[in-house]
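Everything below concerns the one structure shown next.
Whatever order the structure lists them in is the order used to number ligands and atoms, beginning at 1. Computed from a prediction, not measured in an experiment: that's the story for all the values here. Hydrogens, waters and symmetry mates are skipped; everything else that's a heavy atom, side chains included, is used.
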Amino acid sequence: MDHAADAMHTDLMTITRFVLNEQSKYPESRGDFSILLSHIVLGCKFVCAAVNKAGLAKLIGLAGETNVQGEEQKKLDVLSNEVFVKALVSSGRTCILVSEEDEEAIIVEPSKRGKYCVVFDPLDGSSNIDCGVSIGTIFGIYMIKDAGAARLEDVLQPGKNMVAAGYCMYGSSCTLVLSTGSGVNGFTLDPSLGEFILTHPDIKIPKKGKIYSVNEGNAKNWDGPTAKFVEKCKFPNDGSPAKSLRYIGSMVADVHRTLLYGGVFLYPADKKSPNGKLRVLYEVFPMSFLMEQAGGQSFTGKERLVLSTGSGVNGFTLDPSLGEFILTHPDIKALDLVPKKIHERSPIFLGSYDDVEEIKALYAAEEKA
Ligand code: FBP
């Protein structure tokens with residue numbers, strides 16, 4: 001193996017070149033998506049640099065403000081949000097932005113509008129920022145028909161309607177993982193070039209994994225199926241080896257490991273947070289989109305009843321004659337959810353197909369019980 005030649009690899013598949021190749025498959029496309037993505041990539045490069053020098057540049061610590069989630073905002077949260085909002089608006093390709101850090105959706109002024117809605121968490125894993133553990137940016141992209149008449153309803157739609165999703169992890173290396181609906185690809189930032197280079201082509205998650213990832217600190221508040229699943233991971237009764245527990249506490253890092261190594265990441269509902277913790281639009285949907293594109297799956301458990309407005313979406317249908325909710329869609333795929341609020345939360349179980357099937361079976365069994 002001629003490492004020198006390898007190091008001087010000259011046929012560089014940058015993320016821009018990759019997306020342009022993808023785009024050339026659609027003769028009608030005008031390049032709007034690649035322009036939008038280049039602005040998201042710019043935001044990721046900026047945040048990567050800021051995270052790397054956070055300790056030196058006094059970017060550690062609190063910004064002294066609180067966000068809509070009631071969380072104290074970190075300086076890097078505020079900075080990352082500002083960079084992405086400005087980059088997305090200046091792309092001229094967006095009409096609605098939903099950020100974890102902004103209470104209201106941002107409706108882009110008509111003169112600067114384009115046909116895309118972007119939902120994003122500018123810096124996910126805030127609790128790990130100050131100790132230098134991997135954190136990330138998560139984004140999802142919808143396309144709407146009439147940007148001129150952009151309305152909030154245009155983002156309150158099922159995740160399966162997204163045209164693309166991705167995340168950028170700021171860890172030992174900076175890795176951007178993207179899907180435009182035909183598979184999942186990973187790109188690593190080459191700091192010497194300032195370019196994201198294709199390093200993980202066509203990522204496929206193993207069908208079954210050896211790892212489970214959950215905050216066991218919440219175990220006392222879990223429902224039956226979640227407790228049973230984690231118990232099975234630790235004490236399997238079918239002769240298979242116990243799974244290992246890995247939990248970083250940054251969804252991007254935990255999902256990235258799950259995507260590459262297999263296994264399952266879960267943030268279930270519990271008595272303390274009946275709808276779980278993670279947000280549907282800019283955490284659950286993008287990660288579920290990527291997981292399904294990589295051959296895995298994503299499931300919400302059965303807490304959906306909590307959010308049903310009686311109109312019968314999300315798994316249960318109100319049977320007026322019984323005045324009862326009847327389970328009509330037992331296995332709610334996360335991407336079928338229809339959020340009602342931009343910061344809505346949902347339980348989530350995602351990862352290797354067979355592992356998530358096990359969890360679904362436990363919920364279905366409890367349903368039948
Ligand atoms: P934010 O930091 O963007 O609010 O994200 C939420 C998050 O940090 C996820 O990244 C992570 O999976 C989860 O919360 C960790 O929650 P907990 O500390 O309750 O385990």
Contact check, side chains of Asp336 and Pro158, non-hydrogen atoms, under 4.5 Å: no
Ligand 1 to Tyr247, heavy atom cutoff 4.0 Å, flagged ligand atoms 15 (C), 16 (O), 17 (P), 20 (O)
Looking at residues at least two apart in the chain, or sitting in another chain, which of them share a ring pair (Phe, Tyr, Trp, His ring centres under 6.0 Å) with Phe289? none
Select the closest option to atom 6 (C) of ligand 1 among Glu101, Glu216, Arg279, judged by heavy-atom distance. Arg279
Going by the order shown, which atoms of ligand 1 are within less than 4.0 Å of some heavy atom of Leu123? 3 (O)
Winner among Lys277, Met251, Lys272, Glu100 once heavy atoms are compared against atom 4 (O) of ligand 1: Glu100
If you count the atoms of ligand 1 from 1 in the order shown, which ones are under 4.0 Å from a heavy atom of Gly125? 1 (P), 2 (O), 3 (O), 5 (O), 8 (O), 10 (O)
Counting distance only, does the side-chain N/O of Thr94 pair as donor-acceptor with the main-chain N or O of Leu88 below 3.5 Å? yes
May I ask you to list the atoms of ligand 1 that are less than 4.0 angstrom from any heavy atom of Asp121? 3 (O)
Could you go through the salt bridge (Lys or Arg N to Asp or Glu O under 4.0 Å) check for Glu357 and Lys207 one step at a time? CA-CA 11 Å; Glu357 272 304 292; Lys207 203 150 178 315; over 6 Å; no
Need the ligand 1 atom indices (1-based, order shown) with element for anything under 4.0 Å from a heavy-atom of Glu283. 3 (O), 5 (O), 6 (C)
Are Met251 and Ile138 side-chain neighbours, meaning at least one heavy-atom pair lies under 4.5 Å? yes
May I ask you to list the atoms of ligand 1 that are less than 4.0 angstrom from any heavy atom of Asn215? 17 (P), 19 (O), 20 (O)
Residues at least two apart in sequence or cross-chain that pass ring pair (Phe, Tyr, Trp, His ring centres under 6.0 Å) with Tyr142, listed by chain then number, are none
With heavy-atom distances below 4.5 Å as the criterion, would you say the side chains of Tyr363 and Phe349 are in contact? yes
May I ask you to identify, for Ser250, whether its side chain, its backbone, both or neither come under 4.0 Å of ligand 1 on a heavy-atom basis? backbone
Any heavy atom of Asn218 sitting closer than 4.0 Å to ligand 1? no
